[in-house]
Amino acid sequence: MTTWTNQLAPSLDDFARLAREAFDALPQPFKGLAGEVVIRVDDFADDETLAAMDMEDPFELTGLYHGVDIGRRDSMGPAAEPSRIFLYRRPILDEWCERGDVGLSEIIAHVLIHEIGHHFGLDDDQIHDIEDAD
């Protein structure tokens, strides 16, 4: 039986490694189309991001896509900066603890794939429909 007294919470680097593993496990052409996306791990979204999303509780946001989705890029020309996916460690850890039935790697992969869906131009409803179909 693990007592957890000698365990540390996964670090930002641990999350980055798990996110990279989840990304590397994506099938082609999904991975190829998402290839230029920069993945960043922070503890929480910053205050400006939370305000823009009209959120007060930073634990509500587990991930965020920031950029121009690939469907709009051709008509707008090249993106000024690379698209980024933010994964927020503390809210993901909270979800992992609350759920208890899913591994941390699976939750990180789920959030990552959700945000890649936004990179492909899907909105939350479309992503949830795809998830529900599985």
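Keep in mind it's a predicted model, so treat the numbers as computed, not measured.
- Of the inter-residue distances, the one linking I107 atom CD1 with I92 atom CD1 reads 8.0 Å to the nearest 0.5 angstrom.
- Between the H110 side chain and the H114 main chain, no donor and acceptor come within less than 3.5 Å of each other.
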* To do: Take V41 and D14 through the side chain to side chain contact (heavy atoms under 4.5 Å, CB included) test and state the conclusion after the steps.
  => CA-CA 10 Å; V41 180; D14 294 329; over 6 Å; no

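- The distance from atom CZ of R90 to atom CG of L61, rounded to the nearest 0.5 Å, is 14.5 Å.
- Shortest non-hydrogen contact noted between P10 and F15 is CB-CE1, 3.8 Å.
- The CG atom of L104 sits 9.0 Å away from the SG atom of C97 when rounded to the nearest 0.5 Å.
- For the atom pair I108 CD1 and E95 CD, the distance stands at 10.5 Å (nearest 0.5 Å).
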* To do: Starting from the C-alpha separation in whole Å, work towards a yes-or-no answer on salt bridge (Lys or Arg N to Asp or Glu O under 4.0 Å) for R17 and D13.
  => CA-CA 6 Å; R17 181 180 49 77; D13 288 338; over 6 Å; no

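- Nearest approach of W96 to V102, heavy atoms of both residues: CD1-O, 3.1 Å.
- Around the CZ atom of R84, the shell of radius 6.0 Å holds more than 12 heavy atoms that belong to other residues, nucleotides or ligands.
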* To do: Assess whether side chain to side chain contact (heavy atoms under 4.5 Å, CB included) is satisfied between L87 and I39, documenting all intermediate values.
  => CA-CA 8 Å; L87 302 176; I39 301 168; 4.2 Å; yes

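- Transitive grouping of hydrophobic side chains (ILVMFWY, heavy atoms separated by less than 4.5 Å) brings F23 and L12 into a common cluster.
- Shown here for F120 and A34, the closest heavy-atom pair between the two residues is CE2-N, 4.1 Å.
- Under the 3.5 Å distance criterion, the side-chain polar atoms of D123 are matched with a main-chain donor or acceptor of Q126.
- Of all the heavy atoms in G63 and Y88, the pair that sits closest is N-CD1, 3.8 Å.
- The environment of E48 atom CD is sparse: at most 12 non-hydrogen atoms of other residues, nucleotides or ligands sit within 6.0 angstrom.
- Cluster annotation: F59 is not connected to M55 through the hydrophobic network of ILVMFWY side chains, with a link wherever side-chain heavy atoms come within less than 4.5 Å.
- Between the CG atom of L112 and the CZ atom of F86 there is a distance of 13.5 Å, given to the nearest 0.5 Å.
- Ion pairing of D43 with R89 is present here, as a side-chain N (NZ or NE/NH1/NH2) and a carboxylate O approach within less than 4.0 Å.
- Side chain of E115 to main chain of Y65: a donor-acceptor pair is present (N/O by atom type, distance under 3.5 Å, no hydrogens or angles).
- The shortest heavy-atom contact between D69 and H118 is CB-O, 3.4 Å.
- Distance alone, capped at 3.5 Å, places no donor-acceptor pair between the K31 side chain and the A25 backbone.
- Listed for the R99 side chain is no donor-acceptor partner under 3.5 Å among the backbone atoms of D94.
- Smallest separation of non-hydrogen atoms from A109 and A22: CB-CB, 3.7 Å.
- Dense packing is recorded around CG of D57, with more than 12 heavy atoms of other residues, nucleotides or ligands lying under 6.0 Å away.
- To the nearest 0.5 Å, atom NE2 of residue H119 and atom CD1 of residue I113 are 14.0 Å apart.
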